[in-house]
Structures are given as C-alpha cells and as structure tokens.
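Notes follow once the structure below has been shown.
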Amino acid sequence: MIDTEFDSKHIWHPYTSMQNPLPVYPVSRAEGVYIELENGTRLIDGMASWWSMIHGYKHPILNKAIHEQLEAMAHVMFGGLTHEPGIELARLLVELTPPALEKVFISDSGSVAVEVAIKMARQYWINQGQGEKSKLLSLRGAYHGDTFAAMSVCDPVTGMHHLFKDSMPLNYFAEKPTCRFGKPCSEQDLLSITSQLQTHHTEIAAVILEPIVQGAGGMWFYSAEYLTAVRDLCDKYDVLLIADEIATGFGRTGKLFACEHAAISPDILCLGKALTGGYMSLAATLCNNKVSNGISKNGGVFMHGPTFMANPLACATALASINLLLESPWQESVKNIEQQLSEELLTCLSSPSVNDVRTLGAIGVIEMQEPIDLKIAQEFFVSEGVWIRPFGRLLYIMPPYIISQEELGSLTNAMLKFTKLQ
Ligand SMILES: *Cc1c(COP(=O)(O)O)cnc(C)c1O
C-alpha cells in the first residue's frame with residue numbers, strides 16, 4: 001500500500017497547505033498515455049505530466065537509452081570534464097533551434113534555465129560597461145518559473161509578487177497581447193510594449209516572453225505578428241530578447257519551436273519540460289555569439305554552475321527523446337490532435353458556463369466563466385477515467401503526441417461533460 005497518510009502529514013505537493021492538503025491519488029505505474037492508480041484505475045493523461053511526456057510513459061527506446069547510459073556512468077561533474085551525451089545533445093540543440101543560437105548551457109530545471117537566461121542578459125550588459133541596463137521587461141499573463149528571478153518576471157498579480165515584494169527584483173511589464181493567434185496584430189496591440197521600451201530602454205537588459213503561447217499564466221495564444229514586432233523593437237531599442245520555450249518547445253504548437261511561427265530568432269532561448277520526453281529534470285539555455293562574446297570578452301566568465309548540470313543520464317535520455325521525435329510523424333500527429341481538439345471543444349463555446357475556447361497544436365483550452373473547484377473537478381475527472389487538472393477558470397489539456405483519436409475523444413468528452421455540470 002502506498003502510504004498516503006504519511007504523504008499528507010509530511011510531504012509538500014505543489015502549491016499546497018500542510019494543514020489542509022488536497023487529496024493526492026497514489027500512482028503505481030504508467031505506460032503509453034495511461035497513468036495507473038494503485039487501485040487499478042487507469043487514467044488517460046491529458047496533462048502529459050505538465051507538457052513533458054510527449055512520447056507517453058515507459059517508452060522502450062527511452063528506457064533503453066537510460067539503461068545503456070547507466071552502464072557507462074550515471075553522473076560525473078561537468079567542471080573540467082565533459083562527455084558524449086552532453087556534447088551530442090548540445091550539437092542537436094544548436095542544429096534544431098532557431099538560427100544563430102550557438103552556445104548551450106545545460107542545467108537542471110526550467111526555472112534554473114530562466115535564471116541562467118536572466119544572468120546571461122545581465123552579465124552581457126555589465127561587461128559592455130552598461131550595467132545600468134539591469135531590468136527585465138516582461139508581459140502580463142506570463143509564467144517563467146518559481147525561483148526568485150523567474151518569479152519576478154511572472155505576471156505580477158498571479159505570480160506571487162505581493163508575498164515577496166521586498167525581496168524581489170522590480171521589473172517592467174507590458175500588457176499581454178490581445179491579438180489572437182492566426183490574426184493580425186495592430187499598432188494598438190503594440191502600444192504598451194513600445195511605450196515601455198521607449199521610456200525605459202536605457203534600464204532594460206532584455207525582454208522576456210513565452211513565444212506564441214502563454215502557458216501557466218493563462219493559457220493564451222497570441223499573434224505571430226506580435227512576436228515579429230517585438231523582435232524588431234528589441235533591435236531598435238538595443239535590448240536582448242529572451243524566448244522561454246520551456247512549455248512550447250519540441251513540437252507542442254505544431255512547429256518544433258514556437259519562434260518558428262514568426263520566423264524569429266531570440267538572443268537567448270530557454271528549453272525544459274519535454275526536453276527529456278518527461279523522463280527526468282533537464283533544461284538548457286542557448287544564446288547567440290553576440291551574447292556569449294559580450295559575456296566572455298576581456299576575461300569575462302559566465303557565473304553559473306549547478307552540481308548536476310548536464311547530468312549524463314538526463315542528456316542521453318534527451319538525445320534519445322529528440323531523435324525519437326524527429327523520426328516520428330510528429331507534425332501529422334500534432335495536426336490531427338489540433339483538428340480533433342478544435343472540432344470537439346468548439347462545440348461548447350455557446351454554453352453559458354464557457355467564456356472562450358482556444359486550440360493550437362496539441363493544446364486545448366476551455367476558459368470557464370467562473371473559477372473551477374479543483375477538488376471537485378479532480379474527483380470528477382478521475383471518475384471519468386481521465387487525468388485533467390484545471391487551474392483558475394482554465395480547463396485545458398496538452399496530451400502526449402501518441403494519443404489515439406479514441407483516447408483523445410475520451411478527454412474532450414470528459415471536458416465537455418464537466419462544462420455542462422457548471
Ligand atoms: C514550467 C515552466 C517553467 C519552469 O520550469 P520548471 O522546470 O518547473 O522549473 C518556466 N517557463 C515556462 C514557460 C514553463 O512552462
């Protein structure tokens with residue numbers, strides 16, 4: 001028996017109270033798109049374990065990659081030493097990511113990749129003798145992680161700023177783009193970010209944004225023209241552009257990287273989540289030669305080095321996962337998921353409890369009128385044989401790419417049924 005009583009007494013789960021914890025469901029195994037609970041209930045995973053498990057659980061090729069790497073070495077420090085999985089992963093990332101991103105810092109989690117990106121941007125300007133360019137310009141509705149610097153560029157209202165305001169760097173924020181994905185972007189849409197840059201560019205090191213899809217800050221999909229315009233604005237006002245593709249990377253939006261929708265290249269790029277196909281924690285921050293030369297000239301060194309950076313097991317798994325993705329018909333799978341999601345989810349748009357429906361790539365979102373009770377929703381979805389975890393007013397899924405039409409149908413059915421209960 002999995003000791004859930006011990007769990008509720010001693011273990012923190014994400015964003016929970018230790019006095020009144022929400023119930024957690026004991027999982028004994030997982031395979032393909034199924035999570036199996038201890039009591040034998042099988043749940044179709046609509047969350048891909050937070051965007052990451054793109055090939056499904058217990059994939060033979062990923063399992064094999066880990067076993068093989070384990071025989072060579074599980075870990076070795078990256079200071080003064082290097083290894084094949086780290087090199088081959090970096091080679092692949094340089095090749096696949098948008099042009100000119102040539103330098104790779106391999107770290108251990110998404111939030112750290114964002115910290116690294118922010119540090120790179122800051123160090124770049126310090127080493128140019130322009131240390132006053134120290135602030136970040138972010139978008140409302142953004143989510144970039146939970147560590148302090150990452151938190152300081154999350155939406156100031158939903159991003160916990162009020163709790164930590166005395167110990168967090170103060171940054172600038174532009175309104176979130178209102179122009180929807182697939183639609184043009186007007187001058188009006190760019191007004192806020194343009195005026196922030198105009199007024200504050202001498203203090204701004206970089207703009208940081210999630211290209212095309214704002215994830216955990218609101219599941220919002222915005223126009224590619226906005227992204228193109230922001231790239232131009234960054235050049236015009238001489239600030240760097242950081243693209244956080246931790247959620248969107250590796251095919252989720254229908255392109256390998258969401259920047260491709262706008263054919264732009266950021267100065268710094270963050271990757272994580274699906275990087276290892278969901279198997280373990282690994283992240284990467286890439287930058288172009290402008291940034292790396294700027295940091296490194298006159299004897300400069302980049303000041304970061306986590307103990308477990310470029311862990312060989314994680315690198316070998318990431319390498320196998322990316323190759324598996326490239327060898328699979330992922331564009332077609334994501335396209336099919338997108339089509340089915342829009343056909344099936346759009347049917348609830350007229351429902352009085354529903355405010356908006358959005359689909360892009362392998363992401364489907366129903367925005368409700370009212371906040372959803374997480375405990376009730378979770379019990380409902382488990383009883384329907386699916387794993388869907390809403391937040392706020394958002395009911396959303398981003399399933400593994402290997403999901404069948406029928407399994408995806410079970411997910412969308414459960415979502416539609418839930419909206420009717422509200
Ligand atoms: C999840 C996420 C992060 C943080 O990654 P962790 O691995 O949870 O630290 C940062 N940015 C975006 C866009 C994310 O979706």
Side-chain angles (χ1 to χ4, degrees), residues 12-16 47-54 97 105-121 136 138-156 158-160 171 173 176-177 181 206-222 227 230 241-253 255 257-259 261 266 268-286 304 306 308-311 314-315 317-318 321 360-363 365 389 391-392 394 396-399:
W12 292 107
H13 285 264
Y15 313 107
T16 50
M47 310 305 293
S49 277
W50 279 334
W51 310 82
S52 64
M53 199 53 85
I54 54 176
T97 52
F105 190 98
I106 310 172
S107 63
D108 34 17
S109 81
S111 298
V112 172
V114 170
E115 298 282 331
V116 166
I118 292 173
K119 242 191 210 182
M120 280 180 178
L136 279 293
S138 178
L139 302 181
R140 293 193 182 263
Y143 178 77
H144 294 290
D146 287 353
T147 52
F148 271 86
M151 203 164 52
S152 77
V153 288
C154 291
D155 184 278
T158 61
M160 303 175 276
N171 291 309
F173 289 89
K176 88 174 192 190
F181 182 79
V207 167
I208 181 167
L209 49 70
E210 298 150 277
I212 306 296
V213 173
Q214 289 193 308
M219 301 298 291
W220 173 249
F221 314 149
Y222 64 85
L227 187 54
V230 172
L241 177 61
I242 302 171
D244 177 353
E245 293 233 21
I246 291 168
T248 50
F250 305 103
R252 182 57 68 181
T253 67
K255 303 275 188 193
F257 298 100
C259 284
H261 288 286
I268 301 173
L269 174 75
C270 303
L271 301 173
K273 289 201 162 94
L275 178 59
T276 61
Y279 263 59
M280 53 189 99
S281 189
L282 188 72
T285 308
L286 285 86
H304 209 80
F308 288 104
M309 73 179 288
N311 171 259
C315 289
T317 314
S321 172
L360 174 62
I363 315 168
V365 184
R389 192 173 153 87
F391 73 82
L394 298 166
Y396 66 103
I397 55 171
M398 55 297 208

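Read the numbers this way: they start at 1 and go in the same order the structure lists the ligands and their atoms.
His13 meets the ring pair (Phe, Tyr, Trp, His ring centres under 6.0 Å) test with no other residue; sequence neighbours excluded. For Asn171, the side chain to side chain donor-acceptor pair (under 3.5 Å) test picks out Ser152, with sequence neighbours left out. With sequence neighbours excluded, the residues satisfying ring pair (Phe, Tyr, Trp, His ring centres under 6.0 Å) with Phe105 are Phe302, His304.
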N or O contacts of ligand 1 with protein under 3.5 Å, please list pair by pair.
{"unit_1": "ligand 1", "atom_1": "5 (O)", "unit_2": "Ser111", "atom_2": "N", "d": "3.4"}
{"unit_1": "ligand 1", "atom_1": "7 (O)", "unit_2": "Gly110", "atom_2": "N", "d": "2.9"}
{"unit_1": "ligand 1", "atom_1": "9 (O)", "unit_2": "Ser111", "atom_2": "N", "d": "2.7"}
{"unit_1": "ligand 1", "atom_1": "9 (O)", "unit_2": "Ser111", "atom_2": "OG", "d": "2.7"}
{"unit_1": "ligand 1", "atom_1": "11 (N)", "unit_2": "Asp244", "atom_2": "OD1", "d": "3.4"}
{"unit_1": "ligand 1", "atom_1": "11 (N)", "unit_2": "Asp244", "atom_2": "OD2", "d": "2.6"}
{"unit_1": "ligand 1", "atom_1": "15 (O)", "unit_2": "Lys273", "atom_2": "NZ", "d": "2.6"}

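A distance of 10.0 Å separates CG in Leu282 from OG in Ser109, rounded to the nearest 0.5 Å. Atoms CG and CD1, from Leu360 and Ile212 in turn, are 8.0 Å apart once rounded to the nearest 0.5 Å. With values rounded to the nearest 0.5 angstrom, Tyr222 atom OH is found 11.5 Å from Lys176 atom NZ.
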